[in-house]
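Notes for the one structure printed next.
Naming: A, B, ... by sequence-line order, numbering from 1 per chain.
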Protein chains: 2
Amino acid sequence: MSKAQKDKSTEERILTAAKKIFVLKGMSGARMQDIADEAGINKALLHYYFKNKEQLFEMIFMEAAAQLFPKINKIFDSDQPLFEKIERFCEEYISIVTENPFLPLFVINEINQDPDYFLKKVWAGKSKPNPAKFLEQIDREVKKGTIKKINPVHLLMNLISMTIFPFMGKPMFQKNLGISEAQFRQLMEQRKKEIPAFIIDAIKK
Amino acid sequence: MSKAQKDKSTEERILTAAKKIFVLKGMSGARMQDIADEAGINKALLHYYFKNKEQLFEMIFMEAAAQLFPKINKIFDSDQPLFEKIERFCEEYISIVTENPFLPLFVINEINQDPDYFLKKVWAGKSKPNPAKFLEQIDREVKKGTIKKINPVHLLMNLISMTIFPFMGKPMFQKNLGISEAQFRQLMEQRKKEIPAFIIDAIKK
DNA sequence: ATAAAATTTAACCAAATGGTTAAAACCCCG
DNA sequence: CGGGGTTTTAACCATTTGGTTAAATTTTAT
């Protein structure tokens, strides 16, 4: 059992352990025994708290998705100017993911396993994302002549890609560029400013 | 058995089937029975051709990695001017991945499962990537004053992120933006020009 | 035609895995 | 102290899964 868990309640410890294992190995790669071990308990007690693997997985997945998605929507749906939105998105998103570096790969993975099922689950009831507002905002700026002509979808893809992908490709980048953990963190910290600057340079007239 | 496979040799059909299943479900999610079914044969024959799951998986993974990595290196290591390299990379990479949309997620996934093992395997013997040359080239352009001051590592990350990520987030983008298969292909086709233009706009003085 | 190779059938095995159970031990609160 | 919820122990079960085997059948090349 890892140190950080000793004081927490058993249920909390199970959830923390399950998150770690599921996020690391995915649904099919995770073993209930691994989760029990990680939580410092036995399998019987694990099932005493959670009926089965699927139910536990769904809790973890939903929590992970809730950590990643609603924040995007809130920023994109706000009434800030375009450039400020871009800056805020990078800032907040990189902060979240720096603390949970494996979340994006995990979530995207499981979504790819069954897009209809998981995406319906994710925006069930609450914050279904409304990219329309953000896309229209870009369109307006283009027509105003504030920024260069660009298909808003490409701009959105560029923003999200540059923000998220480095975390998914982390081991690859690290091995190929000889980057330490500390250096990687520092790079990601820089990207909070670097990406908005890059984008603004690319689109402003 | 899918139509495209009827004429191919059994071994080829197994490899095609295995690629499809492994790439879709990952090592832990893939079932030997699924591969046999997909290849239109039975499990006994599958093991008649391939000793075990690990050996088969490694062939598929190596083939997938070989499809993705060496081409990057060749472009980055060439003697073309910077802007041409960027254009060529986007062009060729998007072409490859359009025909194999699940490859990047698959490879990145398995690399994350065991970075040391898989990355050692990938650059075993042959094309270990040499990003140094590309990074130095960027540095030279910066010093020459041709492009704005930028950390080459960020530029490299931006380029690779924008090129690859949209394929990994495909279902997410499709659901959220209401994009059909045809529209997605068209968007990716556009990105062959869009990304280089975007980058060049961002960095040229 | 015949031998060799490829393929199917079908049964089987062992290990891994998700899940259950019942009894005992532990712990905390009234 | 006593009882209710918690946790352990340890055995057990059913299913899934990777892998094997042997015999029968089909295909292919000589």
Report task. In whole angstrom, give the distance that lies between atom CD1 of B:Ile21 and atom C1' of D:dG18. Result -> 16 Å

Query - Atom pair distance, as rounded to whole Å: CG in B:Asn42 and C1' in C:dT8 - result: 5 Å

Query - Closest contact, heavy atoms only, B:Glu110 versus B:Met27 - result: OE2-N, 3.2 Å

Requested in this report: To the nearest Å, give me how far apart CD (A:Gln33) and P (C:dG19) are.
Outcome: 13 Å

Query raised in the report: Between atom CE of A:Met162 and atom SG of A:Cys90, what is the distance when rounded to the nearest 0.5 Å?
Result: 7.5 Å

Requested in this report: Using atom NZ of B:Lys25 as one end and atom P of D:dT16 as the other, report the distance to the nearest whole Å.
Outcome: 14 Å

Report task. Could you check how far NZ of A:Lys43 sits from P of D:dC13, rounded to whole Å? Result -> 14 Å

Query raised in the report: Within the structure shown, what part of the strands sits under 4.0 Å from B:Ala30 by heavy-atom distance: base, sugar-phosphate, or nothing?
Result: sugar-phosphate

**Report entry** Whole-Å gap separating P (C:dA5) and CD1 (B:Ile41)
**Finding:** 19 Å

Query raised in the report: Would a 4.5 Å heavy-atom cut-off, applied to side chains only, mark B:Leu82 and B:Phe134 as touching?
Result: yes

Query raised in the report: Counting just side-chain N and O atoms, does A:Thr10 come under 4.0 Å of either OP1 or OP2 of D:dT6?
Result: no

Query raised in the report: Aromatic rings B:Phe165 and A:Phe165: how do their planes relate, parallel, tilted or perpendicular, breaks at 30° and 60°?
Result: perpendicular

Query raised in the report: Which residues, if any, of residues 45-55 of chain B bring a heavy atom under 4.0 Å of DNA chain D?
Result: B:His47, B:Lys51, B:Asn52, B:Lys53

Query raised in the report: Only one of A:Arg13, A:Lys19, A:Lys20 clears side chain to side chain donor-acceptor pair (under 3.5 Å) with A:Glu38; which?
Result: A:Lys20

Requested in this report: Round to the nearest Å and state the distance from A:Asp37 atom CG to C:dG18 atom C1'.
Outcome: 15 Å

Query raised in the report: Does B:Lys170 count as lying over the ring of B:Phe184, i.e. NZ or CZ under 6.0 Å from the six-ring centre, within 45 degrees of the axis?
Result: yes

Report task. Let me know the distance between CZ of A:Arg31 and P of C:dA15, rounded to the nearest Å. Result -> 17 Å

